[in-house]
Amino acid sequence: MDIKQIIKEENQVYRRTPLMTEATLSYCPGCGHGTIHRLIMEVVEEMGIQSDTIGIAPVGCAVIAYDFMDIDMSQAAHGRAPALATGIKRLWPEKYVFTYQGDGDLAAIGTAETIHACNRGENIAIFFVNNGIYGMTGGQMAPTTLEGMKSSTSPYGRNSETMGPPYKITEMVAQLPGTYYVARHAVHKPGPVRKAKKAIRQAFENQKLNKGVSLVEFVSNCNSGWKMTPNDSNIWMEENMFKFYPMGDIKVEGKLVNGD
Amino acid sequence: MAKAIGAIVVDVERCKGCQVCRVNCPTMTIGMAEEVNGKGYHYAYMENPENCTGCTNCAVVCPDGVITVYRVKQ
């Protein structure tokens, strides 16, 4: 069959969602941010809630997420997205409110806001992109940087004795009573992408229940910060990051999956 | 058994040539072009168009969402 006969409107099975704007993404080639943006917008499109969704952009690589997502968005001071989301959700409890944050934003500068928003059980969704590094500012060490991992401020690898060990804020907040759904996913391959999309959908659906925070972590690559090609960084992520940050649900319907 | 035949259309000017689609294509359909686009990236294209089944794997992993997928069953 000729290709021209295949490429017709009625045969289309996948296209970029129109909820992503025409602006070219500012991310490096191969960065997971673009995929996660698109997945969130696909879920918003499928649920038909474009005019009822309010997103909060963080500080970091995703600081201009409002240029790429065709929904109402605001942008918070560094790490303060959960506080801003709290205010917006309390004013408009019927709206779907989500924050989109990186690990420097959520796990370092915004630790207090994250923990207290999760502890209060605000009815918001938090999307947390963890690439183990401060990507935008030049690859400095973050709290989530793995032990032995090289970054521009730990050129000989992270040493736990002097720099402290990496920490899993996702498991930490899962212990708090205010979180309702906590999961960790990745977007480096088609299978994980489809699972991640289901988790995003779950996080949005949970807002109808008014039961607390839904937090989805995405372990992502930072090929520029890690000084690798996109494919090499994805392989490195599978071999190293996934050991420390295992995939899967951590808390479902307010109950810890490994019920201890 | 019905056989699926697919085709992809790459938005050449938006493609950043990261090759994530190429390694995730189960049928080795996608290759990177010799020439570059306006930004200087070797963009993705259908190197072996007869292999494509329209599985959409390339499109769902594309960080920039530049791939549109078409599929017909024969």
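Below, chains carry the letters A, B, ... as their sequence lines are ordered, and counting in each starts from 1.
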Does the side chain of [Y] come within less than 4.5 Å of [X]'s, by heavy atoms?
X       : Y        : answer
B:Asn57 : A:Arg194 : yes
A:Tyr27 : B:Pro63  : no
B:Met46 : A:Ile3   : yes

Considering only heavy atoms, which portion of [X] lies under 4.5 Å from any heavy atom of chain B: side chain, backbone, both, or neither?
X        : value
A:His188 : backbone
A:Ala23  : backbone
A:Asn234 : side chain

Is it the backbone or the side chain of [X] that comes under 4.5 Å from a heavy atom of chain A, or both, or neither?
X       : result
B:Cys55 : backbone
B:Val9  : side chain
B:Val20 : both

Inset, instruction - Kindly compute the distance separating NE2 (A:His37) from CG (B:Asp64), expressed to the nearest 0.5 Å. - result: 10.5 Å
Inset, instruction - First locate atom CG of A:Asn231, then atom CG of B:Asn24, and finally report the distance between them rounded to the nearest 0.5 Å. - result: 8.0 Å
Inset, instruction - Between chain B and each of A:Lys8, A:Glu9, A:Glu10, A:Arg16, count heavy-atom pairs under 4.5 Å; write down the option with the most. - result: A:Arg16
Inset, instruction - Name the option with the most non-hydrogen atom pairs under 4.5 Å to chain B; the candidates are A:Thr24, A:Ile7, A:Leu25. - result: A:Ile7
Inset, instruction - Identify the heavy atoms of A:Pro29 and B:Cys18 that sit nearest to each other, and give their distance. - result: C-CB, 3.6 Å
Inset, instruction - Looking only at non-hydrogen atoms, find the nearest pair between A:Ile6 and B:Tyr70 and report the distance. - result: O-CB, 3.6 Å
Inset, instruction - Keeping the roles fixed (side chain from B:Arg14, backbone from A:Glu22), state whether a donor-acceptor pair exists under 3.5 Å. - result: yes
Legend entry - Polar side-chain atom of A:Arg38 near backbone of B:Cys62 as donor-acceptor pair, under 3.5 Å: yes
Crowded around [X] [atom1]? As in, over 12 foreign heavy atoms under 6.0 Å?
X        : atom1 : value
A:Lys150 : NZ    : no
A:Lys189 : NZ    : no
B:Glu50  : CD    : yes
A:Met247 : CE    : yes

Legend entry - side-chain contact (heavy atoms from CB on, under 4.5 Å), paired with A:Val13, selected from B:Val72, B:Thr68, B:Val69: B:Val69
Legend entry - Top of B:Glu13, B:Gln19, B:Lys73, B:Lys16 for chain A proximity - count of heavy-atom pairs under 4.5 angstrom: B:Lys16
